[in-house]
Amino acid sequence: MPRALVTGAGRGVGRALSEALAARGFDLTLLARDEAALGAAAGEIGARFEVHCDVMAEDLADPAGLERAAVAAREADVLVNNAGAGLGRWFGATEWADEQHMLALNVIAPARLLHAALPGMQRRGFGRVLNVSSVAGSGPAWQGATYGASKACITRLTEDLAYSRAMRSSPVAVTALVLGHVDTEFHERAGLPPPPRLLTLRAQWVAERAVRVLLRRRPPVRYVPAARYHVLERALHHLPHRLMTLPHLADDLSRSADEPRRPAEAPGRSAEEPSRAA
Ligand SMILES: NC(=O)c1ccc[n+]([C@@H]2O[C@H](COP(=O)([O-])OP(=O)(O)OC[C@H]3O[C@@H](n4cnc5c(N)ncnc54)[C@H](OP(=O)(O)O)[C@@H]3O)[C@@H](O)[C@H]2O)c1
């Protein structure tokens, strides 16, 4: 049986991606920090889809935990780099430890696991890697915060690798799953306001489509589920940055939970003050 390693598999998008892979017969290694949530997910997925589910309780922001995960990644036929987190505050107002943790989780961990997984995939003659990214990495939508930069990094790594000569002639494919808002605990945990319901996608819907394209003979390098996010993502890429950073638009896209909607409503805040980022 082919085996998939899914990070951040205990809930949210990772849990949904795990189910979509199990539905196609993949045995799974489910990785996150919360061992109880992983155990429950493994029990339910294993029984429902009749696949073998292992769990790995590891903190990917911890170098030792990441190295243990890298050992598992060497055996994976499919690697889903999904674990990630946001930090809903402006860069100048965060604790450095929180920034370091987020960069380790969103940038170092997926790069390390991808690096560990590739040689085995090449040798075995099959491999698929899904790097879960965000439209926040496609343009200046999260001004002044590191989350967008971390996702830009992982999208860019995916693209640079996928278009490299070695990968173009290889049986291994790397895809960036570029997400808009999804109905998970992501925003709450990052200290961000809940996203507008009309713009929020269901994790199962996203996962089903993502796994379908990932298992194609030639998966896309960048996949953006939902037409509205496809349009937004292209706009972030191609429209002038000056337009995408008009103060009201940028502030609404990037404010954190404890901030008012408009900069002018914030008492004592001058027009010159940089806009806070989510
Ligand atoms: N939801 C959205 O609107 C949205 C939009 C764009 C992109 N994304 C991306 O989608 C991915 C999945 O997020 P989600 O929406 O499903 O969020 P979520 O519900 O908060 O799930 C995050 C997952 O990552 C795991 N995780 C967090 N820190 C970890 C660590 N240090 N080590 C190992 N695992 C860790 C969590 O489990 P534990 O806490 O048990 O470790 C959980 O399983 C992320 O990469 C996120 O950036 C989400």
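Ligands are counted one by one from 1 in listed order, and the atoms in each one are counted from 1 as well. Below, all heavy atoms of this structure are taken into account, side chains as well, without hydrogens, waters or symmetry copies.
- Looking only at protein heavy atoms, the nearest one to atom 46 (C) of ligand 1 is Tyr147 OH, 3.6 Å.
- Distances between N or O atoms of Leu60 and those of ligand 1 include at least one value under 3.5 Å.
- Gly180 O, 3.0 Å is the protein heavy atom nearest to atom 5 (C) of ligand 1.
- Of the heavy atoms in Arg15, none comes closer than 4.0 Å to ligand 1.
- Here is the list of ligand 1 atoms found below 4.0 Å of a heavy atom in Glu185: 19 (O).
- Of all protein heavy atoms, the one lying nearest to atom 26 (N) of ligand 1 is Ala83 CB, 4.1 Å.
- Heavy-atom contacts of Asn82 reach the following atoms of ligand 1: 11 (C), 12 (C), 44 (C), 45 (O) (cutoff under 4.0 Å).
- Checked for salt-bridge contact, Asp77 and Arg124 meet the test: a charged N lies under 4.0 Å from a carboxylate O.
- Protein heavy atom at the shortest distance from atom 3 (O) of ligand 1 is Val182 N, 2.8 Å.
- A salt bridge links Glu19 to Arg15: one of the charged nitrogens lies within less than 4.0 Å of a carboxylate oxygen.
- Taking any N or O of Gly12, backbone or side chain, none lies under 3.5 Å from an N or O belonging to ligand 1.
- Look at Glu99 and Arg89 and you find no salt bridge, because none of the NZ, NE, NH1 or NH2 atoms lies under 4.0 Å from a carboxylate O.
- The N/O atoms of Leu179, backbone and side chain alike, include none that comes under 3.5 Å of an N/O atom in ligand 1.
- At least one N or O atom of Asp34 sits closer than 3.5 Å to an N or O atom of ligand 1.
- Checked against Leu201 for a side-chain contact (heavy atoms from CB on, under 4.5 Å), the options Val13, Leu179, Val206, Thr184 give a single hit: Val206.
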Verdict with supporting geometry, Thr29 and Val6, side chain to side chain contact (heavy atoms under 4.5 Å, CB included): CA-CA 6 Å; Thr29 302; Val6 183; over 6 Å; no

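- Side-chain N or O atoms of Thr7 include one that pairs as donor or acceptor with a backbone N or O of Ala83 at under 3.5 Å.
- A salt bridge does not link Arg3 to Glu75: none of the charged nitrogens lies less than 4.0 Å from a carboxylate oxygen.
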Glu208 vs Arg24, salt bridge (charged side-chain N to carboxylate O under 4.0 Å, His left out): CA-CA, chis, key distance, verdict: CA-CA 10 Å; Glu208 188 55 37; Arg24 287 159 178 84; 2.5 Å; yes

Worked verdict on Thr155 versus Thr158 for side chain to side chain contact (heavy atoms under 4.5 Å, CB included): CA-CA 5 Å; Thr155 302; Thr158 306; 5.5 Å; no

Working for side chain to side chain contact (heavy atoms under 4.5 Å, CB included), residues Ile154 and Asn106: CA-CA 8 Å; Ile154 211 62; Asn106 290 5; over 6 Å; no

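- In terms of protein heavy-atom proximity, atom 21 (O) of ligand 1 is nearest to Arg11 NE, 3.6 Å.
- For atom 10 (O) of ligand 1, the nearest protein heavy atom (residue, atom name, distance) is Val132 CG1, 3.4 Å.
- The main-chain N or O of Val132 is found under 3.5 Å from a side-chain atom of Lys151 such that the two form a donor-acceptor pair.
- Close approach of ligand 1 to Glu58 (heavy-atom distance below 4.0 Å) involves ligand atoms 32 (N), 33 (C).
- Heavy atoms of other residues, nucleotides or ligands lying less than 6.0 angstrom from NE2 of His115 number 12 at most.
- Considering only non-hydrogen protein atoms, atom 16 (O) of ligand 1 sits nearest to Val13 N, 2.8 Å.
- Between Gly8 and ligand 1, at least one N/O pair is under 3.5 Å apart.
- By the 6.0 Å contact criterion, NE2 on His230 is open, its count of non-hydrogen atoms from other residues, nucleotides or ligands being 12 or less.
- For Ser134, no nitrogen or oxygen atom sits less than 3.5 Å from a nitrogen or oxygen atom of ligand 1, counting backbone and side chain alike.
- Polar contact check, Arg189 against ligand 1: no nitrogen or oxygen pair lies under 3.5 Å apart.
- For Phe186 and Tyr147, the ring centers sit closer than 6.0 Å to each other.
- Taking every heavy atom of Asp59 and a limit of under 4.0 angstrom, the matching atoms of ligand 1 come to 30 (C), 31 (N), 32 (N).
- Residue contacts with ligand 1: Gly10 is included, with a non-hydrogen atom under 4.0 Å away.
- Taken to the nearest 0.5 Å, the CG atom of Leu118 stands 7.5 Å off from the OG atom of Ser170.
- Nearest to atom 38 (P) of ligand 1 by heavy-atom distance, out of His101, His187, Arg33, His181, is Arg33.
- Neither the backbone nor the side chain of Asn106 comes within contact range of ligand 1; no heavy atom lies under 4.0 Å.
- Counting only heavy atoms of the protein, atom 15 (O) of ligand 1 lies nearest to Thr184 OG1, 2.5 Å.
- The shortest N or O to N or O distance between Ser133 and ligand 1 is not below 3.5 Å.
- Distances from ligand 1 to the non-hydrogen atoms of Pro195 include no value under 4.0 Å.
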